[in-house]
Amino acid sequence: MNVLVAGGAGYIGSHTVKRLKAAGHNPVIYDNLSRGHRSVIEILQVPAVVADLNDRASLLEALRNHKIDTVMHFAAYAYVGESVHQPLMYYQNNVATTINVLECMKTVGVERFVFSSTCAVYGDPDKIPITEDEKKAPVSPYGRSKLMVEQILADYAASDPKFKFAALRYFNASGCAMDGTLGEDHDPETHLIPVVLQTILGLRPELVVFGTDYPTKDGTNVRDYIHVDDLADAHIGAMEKLQDGKPIFCNLGTGNGFSVKEIIATAEKVTGKKVPVKYGPRRAGDAIALYANPARAKSLLGWEAKHKDPETIIRSAWNWFENHPKGYKS
Ligand SMILES: NC(=O)c1ccc[n+]([C@@H]2O[C@H](COP(=O)([O-])OP(=O)(O)OC[C@H]3O[C@@H](n4cnc5c(N)ncnc54)[C@H](O)[C@@H]3O)[C@@H](O)[C@H]2O)c1
């Protein structure tokens with residue numbers, strides 16, 4: 001298939017482009033590089049359009065010129081804290097921009113859409129592991145922006161039976177390409193595994209752990225870490241399963257929860273180095289434990305995570321961080 005990967009120069013998008021190419025599809029990167037990397041385009045060697053998704057002329061041209069069948073939409077702002085301080089920017093880029101993408105797709109007749117949603121749509125769940133039927137009560141503008149898009153997609157699909165979509169709710173994307181070609185380079189970096197590895201590399205003075213008195217196995221927060229290549233493969237599975245009149249809403253997680261302390265201990269084991277840790281108070285807004293019930297992804301997409309242990313995930317990340325301590329060249 002010819003796949004427009006919106007946000008393809010970013011972390012998860014770039015890994016998906018690589019897997020799409022390997023699976024024999026024709027990915028085209030579409031990215032304004034506001035948070036992505038030019039180096040990714042050079043590494044991946046696929047057609048790329050450097051433009052904003054709100055630039056209708058560019059987007060229409062890209063959809064037509066590359067005879068796009070499916071849009072995978074990774075492009076968004078994705079920092080919970082930033083979204084609290086700049087909600088309008090989040091609703092503009094995550095919601096309004098997506099409407100623009102859908103309108104351009106409609107104009108050109110592109111009917112297949114795979115959307116990057118998030119476990120943040122659940123907020124603080126009542127029941128763990130989280131199923132897709134859990135209440136949707138996001139606690140940040142970021143989470144609300146993703147839930148709004150899910151609702152827009154459902155309404156649009158109900159109005160147009162030819163429009164097919166999957167909304168994939170990722171848990172904690174982590175790790176890097178197994179062959180070391182692609183990595184994780186966010187600025188600022190807020191995700192636990194890269195922050196731990198940057199601390200080990202001496203790029204940060206210490207790692208602050210927020211809260212040690214949670215009702216979990218060791219008092220620290222528990223999350224579901226899913227390897228980025230597994231996420232990428234789930235997108236390909238979802239794209240192949242899209243059907244008229246059957247919207248897909250799916251969790252993408254491993255089903256296992258690991259605590260902050262377990263991640264630190266695993267990183268120390270993988271790298272053979274100690275992490276300087278400072279234990280601080282709880283941080284507002286952090287849920288106690290979030291991990292997925294991944295059963296629906298298995299039954300609907302025929303997908304399950306291959307890398308379920310944090311050691312493999314951290315090893316793949318360390319392989320990249322050790323060789324790219326300053327991230328991508330550009
Ligand atoms: N990283 C995670 O753990 C995680 C978890 C759940 C959901 N998600 C979602 O997955 C998606 C990808 O996340 P990521 O970590 O790869 O983010 P990222 O910031 O690395 O990638 C997003 C890409 O989109 C591009 N972009 C943003 N706005 C654009 C616009 N208006 N026009 C063109 N390009 C634009 C950026 O330049 C960037 O390359 C996001 O939608 C995010 O909300 C991520």
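Ligands are counted one by one from 1 in listed order, and the atoms in each one are counted from 1 as well.
Note: no N/O pair closer than 3.5 Å links H73 and ligand 1 by distance alone. An N or O contact shorter than 3.5 Å is missing between H37 and ligand 1 by distance. Where the criterion is an N or O separation shorter than 3.5 Å, residue side chain and backbone included, G10 meets it with respect to ligand 1. In terms of polar-atom proximity, defined here as any N/O pair under 3.5 Å, T118 makes no such contact with ligand 1. Here's the thing with N172: none of its N/O atoms is less than 3.5 angstrom from an N/O atom of ligand 1. On a distance-only criterion, L53 and ligand 1 share at least one N/O pair closer than 3.5 Å.
For atom 40 (C) of ligand 1, the nearest protein heavy atom (residue, atom name, distance) is F74 O, 3.1 Å. Looking only at protein heavy atoms, the nearest one to atom 14 (P) of ligand 1 is H186 NE2, 3.8 Å. Of all protein heavy atoms, the one lying nearest to atom 3 (O) of ligand 1 is A173 N, 3.2 Å. In this structure, atom 20 (O) of ligand 1 lies nearest to the protein heavy atom Y11 N, 2.9 Å. At the top of the distance list for atom 30 (C) of ligand 1, counting protein heavy atoms only, stands N32 ND2, 3.2 Å. Closest protein heavy atom to atom 42 (C) of ligand 1: Y142 OH, 3.5 Å. Atom 5 (C) of ligand 1 has its closest protein heavy atom at F171 O, 3.5 Å. The protein heavy-atom contact nearest to atom 39 (O) of ligand 1 is D31 OD2, 2.6 Å.
Counting the atoms of ligand 1 from 1 in the order shown, those under 4.0 Å from a heavy atom of A78 are 42 (C), 43 (O). Residue contact check: G36 has heavy atoms under 4.0 Å from atoms 36 (C), 37 (O), 38 (C), 39 (O) of ligand 1. Every atom of ligand 1 with a heavy atom of L33 under 4.0 Å away is listed here by number and element: 37 (O). Counting the atoms of ligand 1 from 1 in the order shown, those under 4.0 Å from a heavy atom of A51 are 33 (C).
Within a 6.0 Å radius of NZ in K67, no more than 12 heavy atoms belonging to other residues, nucleotides or ligands are found. For NZ of K135, the number of neighbouring non-hydrogen atoms (other residues, nucleotides, ligands) closer than 6.0 Å is greater than 12.
Note that the NE2 atom of H324 and the OG1 atom of T181 stand 8.5 Å from one another [nearest 0.5 Å]. Rounding to the nearest 0.5 Å gives a distance of 6.5 Å between CH2 of W303 and CG of L231.
Ligand 1 lies out of reach of R169, whose nearest heavy atom is not under 4.0 Å from it.
The pair R35-E82 meets the salt-bridge criterion, with a side-chain N (NZ, NE, NH1 or NH2) lying under 4.0 Å from an Asp/Glu carboxylate O. D133 has a carboxylate O that lies under 4.0 Å from a charged side-chain N of R296, or vice versa, which qualifies the two as a salt bridge. With respect to K162 and D244, no salt bridge is recorded, no charged nitrogen being found less than 4.0 Å from a carboxylate O.
Cluster partners of Y122 are V121, I128, I130, L147, F171, V222, L290, Y291, counting Ile, Leu, Val, Met, Phe, Trp and Tyr whose side-chain heavy atoms approach within less than 4.5 Å, directly or via other members.
In this structure, a donor-acceptor pair under 3.5 Å is absent between the side chains of T254 and Y225. With 3.5 Å as the limit, one finds no donor-acceptor pair spanning the side chains of H227 and T312. For the residue pair S34 / N32, a side-chain donor-acceptor distance below 3.5 Å is found, with atom types taken as modelled.
Residue K146 touches ligand 1 through its side chain alone, judged by heavy-atom distances below 4.0 Å.
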Before giving the answer on ring-ring contact (aromatic ring centres under 6.0 Å, His included), spell out for F165 and F249 the whole-Å C-alpha distance, their side-chain angles and the decisive distance to 0.1 Å.
CA-CA 9 Å; F165 77 90; F249 294 94; 5.5 Å; yes

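Closest heavy-atom approach to atom 7 (C) of ligand 1 among the candidates S174, C119, S116, S117: S117. For atom 31 (N) of ligand 1, the choice among V228, N93, L59, V121 with the nearest heavy atom turns out to be N93. Nearest residue to atom 44 (C) of ligand 1 from I12, T97, V40 is I12 (criterion: closest heavy atom).
Sorted by first then second residue, the salt bridge (Lys or Arg N to Asp or Glu O under 4.0 Å) pairs that include residues 136-159, not counting sequence neighbours, are E150-R169.
Between V28 and N2 the shortest side-chain heavy-atom distance does not fall below 4.5 Å.
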